[in-house]
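Contents: one structure, followed by commentary.
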Protein chains: 2
Amino acid sequence: MFIKNLPHKTVERLSQYRRSLLMILSKEKTHVFSHEIAQMLHITPVQVRRDLMLIGYSGNLRKGYDIKELIELIGKIIDSERGQRVAVIGLGNLGKAIISYFKGKRSKLAIIAAFDINPEKINRVYDGVACYHINQMAEIIKQNNISIGIIAAPAQQTAEIAEALVLAGIKGILNFTPKALNVPPFVYLEEYDMITSLEKVAFFAKKNDERFK
Amino acid sequence: MFIKNLPHKTVERLSQYRRSLLMILSKEKTHVFSHEIAQMLHITPVQVRRDLMLIGYSGNLRKGYDIKELIELIGKIIDSERGQRVAVIGLGNLGKAIISYFKGKRSKLAIIAAFDINPEKINRVYDGVACYHINQMAEIIKQNNISIGIIAAPAQQTAEIAEALVLAGIKGILNFTPKALNVPPFVYLEEYDMITSLEKVAFFAKKNDERFK
DNA sequence: TAATATTTGTTTAATTATTCACATTGCTAA
DNA sequence: TTAGCAATGTGAATAATTAAACAAATATTA
Ligand SMILES: NC(=O)c1ccc[n+]([C@@H]2O[C@H](COP(=O)([O-])OP(=O)(O)OC[C@H]3O[C@@H](n4cnc5c(N)ncnc54)[C@H](O)[C@@H]3O)[C@@H](O)[C@H]2O)c1
Ligand SMILES: NC(=O)c1ccc[n+]([C@@H]2O[C@H](COP(=O)([O-])OP(=O)(O)OC[C@H]3O[C@@H](n4cnc5c(N)ncnc54)[C@H](O)[C@@H]3O)[C@@H](O)[C@H]2O)c1
């Protein structure tokens, strides 16, 4: 299913809705109100209803939204029908955390390979994910039709790795390295840095502290 | 230094500016143009200039911005003068990745304690950070005037840990757990989930792929 | 049965964030 | 000396995002 020009923020929230809904779905709880979803994610019920409107989902006036149906619809919109395969580059602490966190979470989005240069990690399986030497990357990516790369290797290597990923035909990159990347326009790039998050928390915590004193 | 109502996004970018500037600062390179900063972060030069305008920084028309000065000014605005101390709760893969990533990065923002329940981790020092049992948390937080907590423990424990953090007097929380939290208004909360980032990449990678086909 | 309460869906308004457009400045060099 | 160029700084315009407001629907209950 395809919906024209879904806003970036809505896409993010759809992912969050699904995650939250998967957590509360049970035999007893089959339906949910917009204000319940809103409360779980610290947003307003209007926001939720608007997002669901954008994806064309209608709820029941008395019961709210059917959780199972909604989870499925979100899947139809944000997942790719044929699934997407993911590789992690750099099997250090962060790479491992990512792999163990994803394990079994999403059927349509599977981490199926890791790459590293450390001989102790290569040709071993971590949490169900096989680790290969970085110089086999292009080959393995093409063989397995991997379309997304997560970079969790040392910062200095980032540009080089990204270039190799692009050459190998990757379509999206999630970069956890503090080095910002340049990729061609047909590759979608998302960057995340924990320091920015932490400094933001620090700034507003400080501000709050003054305000509530 | 305090500037009234700095937009959230600007605060995020100031952190990114500083990070990028720290990486390029050198004997040879003492100044930088707005378009150079912009390129590093995939934004527009106007955006950069506007942010700097908001914090009242003026550049030199021919040389651009003085990198060192700008780094210092950003510090004066987003850092707390007396520094802020941080604790990590849960010393698993993610907790370790966070600690080793932060090591020595910011003088005004220091991770000084970790908490866990695993006896093998307690009373040991990881990357310069001592790990204590979770039931010593309130005590240690107060003793060391820790004001920020990073939650990287198993999801089920999240609510309980957050409550303890708030009771112990924490002012900001960065939650990496997929369980959304509720905290009182005087505590600043930031949540991050890698699945949302990855699903966003997957969605737009898929979309790009169709568009550029 | 009629009044009440609650929730969805959607239009409109408000707010926030980004970009445009251009005046201004100061160097370079014809 | 003056035209040209490449920057910054910023008011105004535009775009994106969020929230307010309210009609419509329907179960509940007085
Ligand atoms: N953005 C964030 O929020 C964040 C948080 C923590 C760490 N990091 C960054 O993520 C990266 C990894 O952090 P970590 O704590 O896991 O580090 P780590 O040192 O534990 O792991 C890095 C891994 O990459 C491997 N490696 C080295 N060179 C490589 C190459 N050329 N190709 C593939 N693999 C290679 C190493 O063998 C190691 O296993 C670092 O760049 C760090 O700065 C980012
Ligand atoms: N948000 C994200 O992007 C993201 C990414 C990866 C992991 N995670 C989450 O972060 C958390 C940690 O992930 P991980 O891979 O490091 O897991 P992990 O199992 O490696 O580590 C968890 C650690 O928490 C400790 N712990 C257990 N109970 C505790 C308690 N009550 N108090 C303090 N510590 C306790 C464990 O002993 C262990 O050391 C998990 O909740 C995971 O879902 C989030």
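Below, chains carry the letters A, B, ... as their sequence lines are ordered, and counting in each starts from 1.
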Report all interatomic pairs (protein N or O, nucleotide N or O of nucleotides 17-20 of chain C) with separations under 3.5 Å.
| residue | atom | partner | partner atom | Å |
| --- | --- | --- | --- | --- |
| C/dT18 | OP1 | B/Arg13 | NH1 | 3.4 |
| C/dT18 | OP2 | B/Arg13 | NH1 | 2.8 |
| C/dT18 | OP2 | B/Arg13 | NH2 | 3.0 |
| C/dT18 | O5' | B/Gln47 | NE2 | 3.3 |
| C/dT19 | OP2 | B/Thr44 | OG1 | 3.2 |
| C/dT19 | O4 | B/Arg50 | NE | 3.3 |

So which protein nitrogen or oxygen atoms get under 3.5 Å of nucleotides 22-28 of chain C's nitrogens or oxygens?
| residue | atom | partner | partner atom | Å |
| --- | --- | --- | --- | --- |
| C/dG26 | N2 | B/Arg62 | NH1 | 2.8 |

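D/dG9 atom P lies 14 Å from atom NZ of B/Lys63, rounded to whole Å. Regarding B/Asn5, its CG atom lies at a distance of 9 Å from the P atom of C/dT16, rounded to whole Å. Between the CG atom of A/Leu52 and the P atom of D/dT18 there is a distance of 14 Å, given to the nearest Å. The separation between B/Asn60 atom CG and D/dA6 atom P is 17 Å, rounded to whole Å. One can place CD of B/Glu36 at 11 Å from C1' of D/dA7, the figure rounded to the nearest angstrom. If you measure from atom CD of B/Glu69 to atom P of D/dT8, you get 15 Å, rounded to the nearest angstrom. A straight line from CZ of B/Phe33 to P of D/dT8 spans 7 Å, rounded to a whole angstrom. Whole-Å rounding puts the A/His31 NE2 to D/dT26 P distance at 15 Å.
A/Tyr57 and A/Tyr65 have tilted rings, their planes meeting at an angle from 30° to 60° on a 0 to 90° scale. In this pair, B/Tyr192 and B/Phe176 present their aromatic rings perpendicular. The plane angle is above 60°, beyond the 30 to 60° band.
Between B/Leu14 and B/Leu6, the closest side-chain pair of non-hydrogen atoms falls below 4.5 Å. Residues B/Val201 and A/Ile173 have side chains not in contact (no heavy-atom distance under 4.5 Å, counting atoms from C-beta outward).
Between B/Ser58 and D/dG9 there is a side-chain N or O to OP1 or OP2 distance below 4.0 Å.
Within the 3.5 Å criterion, the main-chain N or O of A/Asp127 finds no donor-acceptor partner in the side chain of A/Ser100. A distance-only check finds a donor-acceptor pair linking the side chain of A/Arg85 to the backbone of A/Asn144 [under 3.5 Å].
By the 4.0 Å N-to-carboxylate-O rule, B/Glu36 lies close enough to B/Lys29 to be salt-bridged with it. Contact check on A/Lys76 versus A/Glu81 returns no salt bridge, with no Lys/Arg side-chain nitrogen under 4.0 Å from an Asp/Glu carboxylate oxygen.
Tested against B/Asp193 for a salt bridge (Lys or Arg N to Asp or Glu O under 4.0 Å), the candidates A/Arg13, A/Arg18, A/Arg19 yield a single pass: A/Arg19.
Map B/Met53 and B/His35 each onto its nearest nucleotide of DNA chain D; the residue landing nearer the 5' end is B/His35.
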